[in-house]
Amino acid sequence: MRCVFLLINQPIKNGSAVSLYWLGLLLFLLLNLFYFPQAAAADKKRSALVLKLEPELAPVRNNIEAYLGTIEERNTDEMRRYARFAREQIAQAVEALGYYQYGLHLEVKPGDPAQLQVNLLLGEPVKLQQVNIKLAGEAAGQANFTLPSTKNLQIGQQLNHAHYEAAKKHFLDQALSYGYFAADFSKNTLTILPEANVANIDLHFNSGPRYRFGEVSFEQQGQFQESFIKKFVRFKKGDAFDAERLSELSRELRASNYFNEVLVDINEDLTTANLEVPVEVLLTRRKPHSLDLGIGYSTDIGPRLSGSWTQHWLNDLGHSRGVNSELSLPRKAVSAWYQLPLSPPMTDKLRFTTSVEDERFDDHKSQRFSAAIQWQHQQANSWDRNLSLKGLQENFQIGEEEDRTWLTLPGITLNRLYTDQRVDPTKGYRLHFNLAASHQEFLSDINIFQVTAFARGLYTFYDNHRFLTRVQMGDLYTEDFSITPVSLRFFAGGDQTIRGYGYQEIAPKSETGRLLGGRYLIVGSTEYQYSLSPTWRLAVFVDAGNVSLERKELQNLKVGRGIGLRWISPVGALRLDVAQGLDELEGGWQLHFSMGPEL
């Protein structure tokens, strides 16, 4: 048992030497109760393995420990039997790292438990003298079928069997992925000359011919029309095999909301003479209805309730429909939709929508009814395009002025999202452009032309440092702004635009101080985040922007700055920000709370 004596003999005020005596005694008793017994037990217990390396090399020690695994306590006889096994494992561990010349001595120390002492003297490692890697067959003409990296297989480098096996695996993995099912090594030798401390690698891979996609067959439990299901298949019979195409088919079938079980596989036993491999798809249809209820909160609109009902399929052609609702203090909305899948169904759809919305803020009110038809299509360049035709009836009030406007709005929206992860990305960007217009000669009360653009980018460097930027712009042309619906005017301020200002409180005002909304909008933001842990981040940010009736007035930017805390939940980042608006009249301190993906 170890014991510590603490002697304090330094008098201080108010007779505290006596107090220190009792404090020291109490500390001594606590140590004897809690620390010393544990320390004594730790002293008593000895390790079952003592490994002495010369020279001491961490990779060698780690590899030996990995090969041996956890060594259980044994008596002397059992440890002697185990030592024979341990000798073989240690030899494999050091030779795997290129050490073929070494001195190894094992000794069992009797006891209960017994102890295995290992003394290992390492000689010079084997180094690569020749490395010959070749690719033959049809894959040699395929640009994206690559040779293994030679970074760890350079002449003069120390032999490492793991690097050699990784090169072999690189060939085999690609062969399976690209459909070279008859591929094999025409030469696969690792020649080791321990006396000379050199090794030679000859790795010749022959891919053979590339197989092709054959017929795609579907087995369903609950039937959709096969002509509809086949629209999910983006490859044709006779196309060169690519496992990623099968993964894509599986992902899109799962994400379609038609199925709760999807299994996509190939049947090599039925490969045809011209090397076409049949694809078999097993599908189990999901239950048709789902109901989702949600509750949320943001400082922009306060508490919010939401609900949705979806009928994922109505018929064997994959038609679907649903109803969405939202309830908060300033906003109430109900919408319904009916959707027809096009080809391919995951990206191309025809949707009919209708909605009723009611918004009430201090300076303006809006009640609107709309109906629209939308054609969603994903272009070859990965942009999502949405062509729409919308009818909008809006009754609105700005201050004391009330009006009613009917608009027929054809429009186009372009979106592009790139991200390495959906919920918590480390890099990526989102681009959004929208154009809508109306004309009095085309069932509209006024002429309107509106353009909005939005861009957001995220980049992470050195793992813990993140920059998030966004830019938003808007331009509204109309000959009569006074009867332009509130929903088409621009406002700024709040969680998603300029923090440090109230929600939608940045906009031109009337002579009586009522917010009118604007014709021009510009907003920008830069945010730096530092990761404290995988789920917590600190943030500092600066937002700036303005809304105006004249373009030249946009330069009078409203600026907000602040700090924030981020918690990465399973559904995205929860953001809590404390921001200060720097404008003397409209700014101030604001607390902002919001949630959702960064992009």
Side-chain angles (χ1 to χ4, degrees), residues 53 55 57-69 85-104 120-212 240-244 246 266 268 271 274-275 277:
L53 290 179
L57 299 174
V60 176
R61 177 176 291 276
N62 294 339
N63 211 41
I64 292 173
E65 292 175 349
Y67 268 72
L68 291 177
F85 166 79
R87 178 182 293 276
E88 295 176 359
Q89 294 299 106
I90 294 170
Q92 293 179 29
V94 296
E95 290 174 4
L97 298 180
Y99 293 96
Y100 279 80
Q101 296 189 28
Y102 54 88
L104 176 61
L120 179 61
L121 178 62
L122 296 172
E124 288 297 317
V126 170
K127 296 187 177 180
L128 296 176
Q129 179 178 254
Q130 295 179 7
V131 178
N132 189 5
I133 300 177
K134 292 182 179 179
L135 171 63
E138 192 175 327
Q142 182 181 338
N144 56 352
F145 196 107
T146 61
L147 293 174
S149 170
T150 57
K151 177 182 178 182
N152 296 315
L153 295 175
Q154 298 285 341
I155 293 174
Q157 282 187 325
Q158 182 173 331
L159 171 65
N160 188 317
H161 285 254
H163 298 156
Y164 171 66
E165 294 299 327
K168 292 165 58 179
K169 186 175 184 296
H170 179 87
F171 275 131
L172 294 172
D173 287 348
Q174 286 189 107
L176 288 176
S177 179
Y178 291 122
Y180 297 97
F181 299 126
D184 201 358
F185 291 99
S186 57
K187 195 171 185 180
N188 173 22
T189 59
L190 171 59
T191 306
I192 301 172
L193 304 174
E195 299 81 5
N197 278 343
V198 296
N200 299 322
I201 291 177
D202 288 291
L203 200 58
H204 299 175
F205 189 73
N206 192 327
S207 71
R210 188 174 187 181
Y211 285 52
R212 309 286 165 177
F241 183 90
D242 189 335
E244 177 57 31
L246 294 182
I266 60 174
E268 293 185 59
T271 301
N274 57 351
L275 302 183
V277 186

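As the structure is a computational prediction, the values presented were derived from the model and not from experiment.
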Find out whether L153 and I201 are in side-chain contact, i.e. whether some heavy atom of one side chain is under 4.5 Å from a heavy atom of the other. yes
Heavy atoms only: give me the nearest L97-P59 pair and the separation to one decimal. CD1-O, 3.6 Å
Roughly how far, to the nearest 0.5 Å, is the OG atom of S177 from the CG atom of L172? 12.5 Å
For Q92 and R87, indicate whether the former's side chain and the latter's backbone hold a donor-acceptor pair under 3.5 Å. no
Within a reach of under 6.0 Å around NZ of K127, are more than 12 heavy atoms found that belong to other residues, nucleotides or ligands? no
Would you please classify the geometry between the Y180 ring and the F145 ring as parallel, tilted or perpendicular, with 30° and 60° separating the classes? perpendicular
Any residue meeting side-chain hydrogen bond (donor to acceptor under 3.5 Å, both in side chains) with Q174, in chain and number order, not counting sequence neighbours: T146, H170
Shortest non-hydrogen contact from N152 toward H163: CB-ND1, 3.4 Å
Taking F85's backbone N and O only, do any of them form a donor-acceptor pair with Q89's side chain (distance below 3.5 Å, no angle check)? no
When you compare the side chains of Q101 and N197, does any donor N or O come within less than 3.5 Å of an acceptor on the partner? yes
Under a 4.5 Å cut-off applied to non-hydrogen side-chain atoms, are Q157 and I155 in contact? no
With a 4.5 Å limit on heavy-atom distance, are the side chains of I64 and L120 in contact? yes
Sequence neighbours excluded and cut-off under 3.5 Å, please list the side-chain donor-acceptor pairs for residues 182-196, or say none.
residue	atom	partner	partner atom	Å
S186	OG	H204	O	3.3
N188	OD1	Y164	OH	2.4

Okay, side chain of E65, backbone of N62: is any donor-acceptor separation there less than 3.5 Å? no
Could you tell me if the side chain of Y178 sits less than 4.5 Å from the side chain of N144, heavy atoms only? yes
Side chains of L122 and V60, heavy atoms from C-beta outward: is any pair under 4.5 Å? yes
What pairs with E95 under side-chain hydrogen bond (donor to acceptor under 3.5 Å, both in side chains), at least two apart in sequence or on another chain? Y102
Contacts of K134 meeting salt bridge (Lys or Arg N to Asp or Glu O under 4.0 Å) (sequence neighbours excluded), chain-then-number -> none
H161 and L159: side chain to side chain contact (heavy atoms under 4.5 Å, CB included), yes or no, with the steps? CA-CA 6 Å; H161 285 254; L159 171 65; 3.9 Å; yes
Is the closest side-chain heavy-atom distance between V277 and F181 below 4.5 Å? yes
Qualifying residues under side chain to side chain contact (heavy atoms under 4.5 Å, CB included), relative to E244, sequence neighbours excluded: D242, S247, R251
CD on Q142 to CG on L135, rounded to 0.5 Å: 9.5 Å
Contact between N63 and V94 at the side-chain level, heavy atoms closer than 4.5 Å - yes or no? no
Partner residues of R212 under the salt bridge (Lys or Arg N to Asp or Glu O under 4.0 Å) criterion, sequence neighbours left out: E138
CG of L53 to CZ of R61: how many Å apart, nearest 0.5 Å? 4.5 Å
Before you tell me yes or no, could you show the steps for F171 and L203 under side chain to side chain contact (heavy atoms under 4.5 Å, CB included), namely the whole-Å CA-CA distance, both residues' side-chain angles and the distance that decides it to 0.1 Å? CA-CA 10 Å; F171 275 131; L203 200 58; 4.1 Å; yes
If you take the centroid of each ring, where Trp contributes its six-membered ring, are F241 and Y211 closer together than 6.0 Å? no
